[in-house]
Amino acid sequence: MKISEIYKDGHPTLSFEVFPPKTSEVYDSVVKATNEVAALKPDFMSVTYGAAGSTRTYTTAIASNIEKSGVTALAHLTCVNASEESLKEQLESLSENGIHNILALRGDLPAGVESTSDWVFKHASELIPIIKKYGDFCVGCACYPEKHPESKDIKEDIEGIRKKVDAGCEFLTTQMFFDNALFYNYMYRLREAGITVPVTAGIMPVTRAKQMERIISLSQAFIPRRYVAILDRYGDKPEALKQAAIAYATDQIIDLLANGIEHIHIYTMNKADVAQKIQENLSDIIPSCKKS
Ligand code: FAD
């Protein structure tokens with residue numbers, strides 16, 4: 001099913017992100033973990049795509065597996081260093097495997113690369129027409145409530161989003177954020193700019209203190225004082241931190257839903273137990289979270 005159809009249904013949704021294996025040695029354990037997440041029957045599941053190439057072939061396999069379990073899959077696709085021929089091959093394989101949804105991304109600049117000038121496709125907006133050329137896909141893109149680190153300011157950032165929407169992007173998924181006020185402000189800026197596609201709020205339950213260091217260095221996300229206190233107090237107590245992270249994420253989600261945001265995406269890091277706890281916390285709030 002296309003995600004645009006799921007979103008048209010008019011009810012709040014909860015979807016989950018998983019990542020594919022990096023090497024063949026861990027393939028079976030990752031399949032097991034992603035199957036456990038799929039067994040929770042979220043509204044849909046996304047599968048990331050390795051910019052460095054190591055997990056590319058596995059994105060299709062994991063997404064296809066998710067579709068076979070009866071859950072709609074969203075396959076991520078990047079255009080870092082890609083040629084039209086390599087993208088065509090990947091898109092045909094996705095189509096043959098029954099995948100109807102793609103998150104079109106540029107991908108992160110590889111270490112040591114400072115410009116995209118040598119690439120055929122320099123931005124996600126340039127990837128979208130290629131996706132549409134080689135299959136009947138519903139296409140989503142990424143957006144950044146705290147702006148993309150390469151954007152000069154929020155105005156320039158929103159112009160980049162407009163280019164993606166003009167190219168055919170049908171929904172946006174946000175980078176993770178930990179302060180809803182920043183997200184509301186961003187939504188206001190998007191809508192003011194006339195960008196009206198559905199926006200899915202990306203929420204990350206940070207269950208390991210080390211994860212937070214990586215998040216800050218990659219996304220430069222603002223960490224509210226309240227979250228810093230949680231990390232300070234429970235950073236070296238894994239089970240306590242997990243419980244606190246689930247409670248924080250739940251609190252963020254309920255506030256978003258109460259304020260009219262309809263679509264929530266959880267960065268599960270392949271942890272079915274975390275995804276399940278969040279579903280349980282929302283069982284009377286989001287229809288797909290209610291288990292009979
Ligand atoms: P772009 O949309 O190309 O934006 C990059 C920068 O260029 C921004 O500053 C933007 O404002 C600007 N820009 C955009 N369009 C134009 C234009 N036409 N002309 C000039 N400037 C423009 N990475 C992976 O490698 N694999 C994944 O699976 C993956 N999944 C992700 C999922 C989500 C929800 C998010 C938020 C990010 C994900 N990423 C993933 C990371 C992403 O690839 C990086 O953030 C990357 O640096 C930017 O990708 P983009 O698609 O937003 O790029």
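In this text the structure is predicted, and so the values were computed from the model without any measurement. All values below come from the heavy atoms of this structure, side chains included, with hydrogens, waters and symmetry mates left out. Note that ligands are numbered from 1 as they come in the structure, with each ligand's atoms numbered from 1 the same way.
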(request) Going by heavy-atom distance to atom 2 (O) of ligand 1, choose the closest among His123, Met176, Lys164, Glu159. (result) Lys164
(request) Please could you name the atoms of ligand 1 that Asp108 approaches to less than 4.0 Å, counting only its heavy atoms? (result) 43 (O), 44 (C), 45 (O), 46 (C), 47 (O)
(request) Kindly say whether the aromatic ring centers of His265 and Phe44 come within a distance under 6.0 Å. (result) yes
(request) With Lys271 as the cation and Tyr267 as the aromatic partner, state whether NZ or CZ is under 6.0 Å from the six-membered ring centre and within 45° of the axis. (result) no
(request) Using heavy-atom distances, let me know which of Cys169, Ala167, Ser151, Gly107 sits nearest atom 23 (N) of ligand 1. (result) Gly107
(message) In this structure, is the centre-to-centre distance between the rings of Tyr248 and Tyr227 below 6.0 Å?
(response) yes
(message) Taking the basic N atoms (NZ, or NE/NH1/NH2) and the acidic carboxylate oxygens, is any pair closer than 4.0 Å for Glu92 and Lys88?
(response) yes
(message) Please state which option from Glu156, Arg106, Glu126 has its nearest heavy atom closest to atom 53 (O) of ligand 1.
(response) Arg106
(message) Between ligand 1 and Ala124, is the shortest N or O to N or O distance under 3.5 Å?
(response) yes
(request) Considering only NZ, NE, NH1 and NH2 on the basic side and carboxylate oxygens on the acidic side, decide whether Asp284 and Lys290 come within less than 4.0 Å. (result) yes
(request) Pick whichever of Phe19, Tyr267, Phe121, Tyr49 has a heavy atom sitting closest to atom 34 (C) of ligand 1. (result) Tyr267
(message) As an exercise, identify every atom of ligand 1 less than 4.0 angstrom from a heavy atom of Leu103.
(response) 32 (C)
(message) Using a 4.0 Å cutoff against the non-hydrogen atoms of Gln175, which atoms of ligand 1 qualify?
(response) 36 (C)
(message) Only heavy atoms of Thr78, strictly under 4.0 Å: list the atoms of ligand 1 that pass.
(response) 24 (C), 25 (O), 26 (N)
(request) Examine ligand 1 and decide if any of its atoms is less than 4.0 Å from a heavy atom belonging to Ser125. (result) yes
(message) If the threshold is 4.0 Å, N to carboxylate O, is there a salt bridge linking Lys2 and Glu5?
(response) no
(request) Please say which of Val18, Asp273, Ile266 ends up in a side-chain contact (heavy atoms from CB on, under 4.5 Å) with Val37. (result) Val18
(message) So is Tyr144 touching ligand 1 or not, going by heavy atoms under 4.0 Å?
(response) yes
(message) Do Val47 and Leu74 sit in one hydrophobic cluster, given that two such residues count as connected whenever their side-chain heavy atoms are within less than 4.5 Å of each other, even indirectly?
(response) no
(request) Identify whether the distance between the nearest side-chain nitrogen and carboxylate oxygen of Glu150 and Arg106 falls below 4.0 Å. (result) yes
(request) For ligand 1, indicate whether the residue Lys163 contacts it via side chain, backbone, both or neither (heavy-atom separation under 4.0 Å). (result) side chain
(request) Give the contacting part of Val80 toward ligand 1: side chain, backbone, both or neither, where contact means a heavy-atom distance below 4.0 Å. (result) neither
(message) Taking the basic N atoms (NZ, or NE/NH1/NH2) and the acidic carboxylate oxygens, is any pair closer than 4.0 Å for Glu36 and Lys41?
(response) no
(request) Could you list the atoms of ligand 1 found under 4.0 angstrom from a heavy atom of Glu150? (result) 9 (O)
(message) Within the 4.0 Å heavy-atom shell around Thr48, which atoms of ligand 1 are there?
(response) 28 (O)
(request) State whether the shortest distance between N or O atoms of His76 and N or O atoms of ligand 1 falls below 3.5 angstrom. (result) yes
